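Remarks on the structure that follows.
The structure displayed is predicted, hence computed values, not measured ones. Numbered from 1 within each chain, the chains take letters A, B, ... in sequence-line order.
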2 protein chains.
Amino acid sequence: MVAKKNCILRLSRYKNELYRFKKLGFIKIFSEYLADAVGVTSAQVRKDFSLFDISGNKRGGYTIDALIEKLNVILGKNQIQKVVVVGAGNLGTALLRYKNFAKQGIRIEAAFDLDPAKGSQKSGVPVRPMTELETFLRRNDIKIGILCVPEVAAQSVFDAMVNGGIRGVLNFSPIQLKTPADCIVTNVNLEVELENLIYFVTAGQSAK
Amino acid sequence: MVAKKNCILRLSRYKNELYRFKKLGFIKIFSEYLADAVGVTSAQVRKDFSLFDISGNKRGGYTIDALIEKLNVILGKNQIQKVVVVGAGNLGTALLRYKNFAKQGIRIEAAFDLDPAKGSQKSGVPVRPMTELETFLRRNDIKIGILCVPEVAAQSVFDAMVNGGIRGVLNFSPIQLKTPADCIVTNVNLEVELENLIYFVTAGQSAK
DNA sequence: TAGATTGTTAATCGATTAACAATC
DNA sequence: TAGATTGTTAATCGATTAACAATC
């Protein structure tokens, strides 16, 4: 299975929308309706499903419960996923307190900062000194990390995370990290996203 | 000019990398080096530039200062861009204190929350009651907003922002907003991004 | 000049979608 | 059965890239 990134992103969104349909009392769903909710075509939905051998009933659509279950298995939602937050500044601390991760089975096991006194109030997540990072990661077998340190520290801290066994990083720092082949980085660059909105709004164009 | 979203995102990244090259003392740059820094092909760089009639010197590459200036004009960096943050919870408050926006000429004019007592400490940005949102937006001619309210409130608050004249929204809530044709929404869904990392890491695959 | 890089065209690649046979 | 939806193939669409003539 050589799934592509965009396909998996869509599976997540299908899953989220399916929970909403379920909450509304629906039992079955057609590819057409799910497509509308997510903003893609019905062919796209069926194509994505067929890549993962998810099948429905001709004429009857898909059973929502069964579909959610299958998507959850694919997306690893059947177990708690452990992550760490590295950098407990404004953004890192906000993430520690962010409720939606827990709802999605994502647990922040610890945060790390040069100054471990930072942000430890009322988030329930311990903030540990940066010196313990690699040991902690190895001992707890953590593979996913969220990087929220200042730009100047980003590459070296990232390297330490990789050393500790991290294989996937959500990077909030605005630099292009040098990344080994066996590690995946997803960049969230808020300045760049805003710049993009500004371009399309002030140029009076519609983004696509 | 029918610029596409990905092209503009690349222009932002070119610009950011160019500042780094400049800081290192470079005066000129070849498409090849810039491409390496950003992680694209040199043909992509030249193609993007040619779409905006940015030209270099055959054999001599591009002058960094002139290039930065042209990109800044395209991206609207020649003036301060006013934005608002709506929702002053954990994430919203973190954004109020986020230093990098100011560095990029993006100024948060105000934040809005049902409870205006929230988060006003030490960010320097006033938190106003939600009731003042539309009036403030119109009076200050603000077109860009960052939406950080809880999921249940997201659609109605978004509608109010649009009513107030907002034309571009950076949406942190995990729902698909119903959006009028003359408004652009960029979704930042951290749970979905993490889910995506988890998929590729635990499935042992490399993302692409 | 000879050599190297741009600017652009044409080819390639990959993702999305239309269309329809299969079938419940 | 007749009608409607799935599953999948083939066509389309768009974005990226290779290649190379132009030229500094």
Return the value, rounded to whole Å, for the distance between atom [atom1] of [X] and atom [atom2] of [N].
X        : N       : atom1 : atom2 : answer
Asn6(A)  : dC13(D) : CG    : P     : 20 Å
Leu51(A) : dT16(C) : CG    : C1'   : 12 Å
Lys5(A)  : dA15(C) : NZ    : C1'   : 16 Å
Arg10(A) : dT16(C) : CZ    : C1'   : 8 Å
Asp48(B) : dT8(C)  : CG    : P     : 13 Å

**Report entry** Criterion ring pair (Phe, Tyr, Trp, His ring centres under 6.0 Å) on Phe112(B) and Phe136(B), from CA distance to verdict
**Finding:** CA-CA 10 Å; Phe112(B) 293 88; Phe136(B) 185 93; 5.4 Å; yes

Report task. State whether Arg138(A) and Glu134(A) are salt-bridged, where the test is any N-O pair (Lys NZ or Arg NE/NH1/NH2 against Asp/Glu carboxylate O) under 4.0 Å. Result -> yes

Query raised in the report: Is Lys103(A) salt-bridged to Glu191(B), going by a charged N under 4.0 Å from an acidic O?
Result: no

Query raised in the report: Is the shortest side-chain N/O distance from Thr41(A) to OP1 or OP2 of dT16(C) below 4.0 Å?
Result: no

Query raised in the report: What do you reckon, is NZ of Lys22(B) surrounded by more than 12 foreign heavy atoms closer than 6.0 Å?
Result: no

Requested in this report: Would you indicate whether Arg139(B), at its atom CZ, is surrounded by more than 12 heavy atoms from other residues, nucleotides or ligands within a distance under 6.0 Å?
Outcome: no

Pairwise N/O distances under 3.5 Å, protein to nucleotides 5-7 of chain C:
| from | atom 1 | to | atom 2 | distance (Å) |
| --- | --- | --- | --- | --- |
| dT6(C) | OP1 | Ser31(B) | N | 2.9 |
| dT6(C) | OP2 | Ser31(B) | OG | 2.7 |
| dG7(C) | OP1 | Gly56(B) | N | 2.6 |
| dG7(C) | OP1 | Gly56(B) | O | 3.3 |
| dG7(C) | OP2 | Gly56(B) | N | 3.4 |
| dG7(C) | OP2 | Tyr62(B) | OH | 2.7 |
| dG7(C) | N7 | Arg46(B) | NE | 2.7 |
| dG7(C) | O6 | Arg46(B) | NH2 | 2.9 |

Query raised in the report: DNA chain D in dot-bracket, Watson-Crick or G-U pairs under 3.5 Å, [ ] crossing, | other strand?
Result: ..||||||||||||||||||||||

Query raised in the report: With Val84(B), which of Ile108(B), Leu147(B), Leu137(B), Val125(B) fulfils side chain to side chain contact (heavy atoms under 4.5 Å, CB included)?
Result: Leu137(B)

Query - Chi angles and distances behind the ring pair (Phe, Tyr, Trp, His ring centres under 6.0 Å) call for Phe21(B), Tyr33(B) - result: CA-CA 10 Å; Phe21(B) 279 107; Tyr33(B) 295 175; 7.5 Å; no

Query raised in the report: Among dT16(D), dA18(C), dT16(C), which is the nearest nucleotide to the side chain of Lys47(B)?
Result: dT16(D)

Requested in this report: Tell me yes or no: between the side chains of Asn72(A) and Asn78(A), is some donor less than 3.5 Å from an acceptor?
Outcome: no

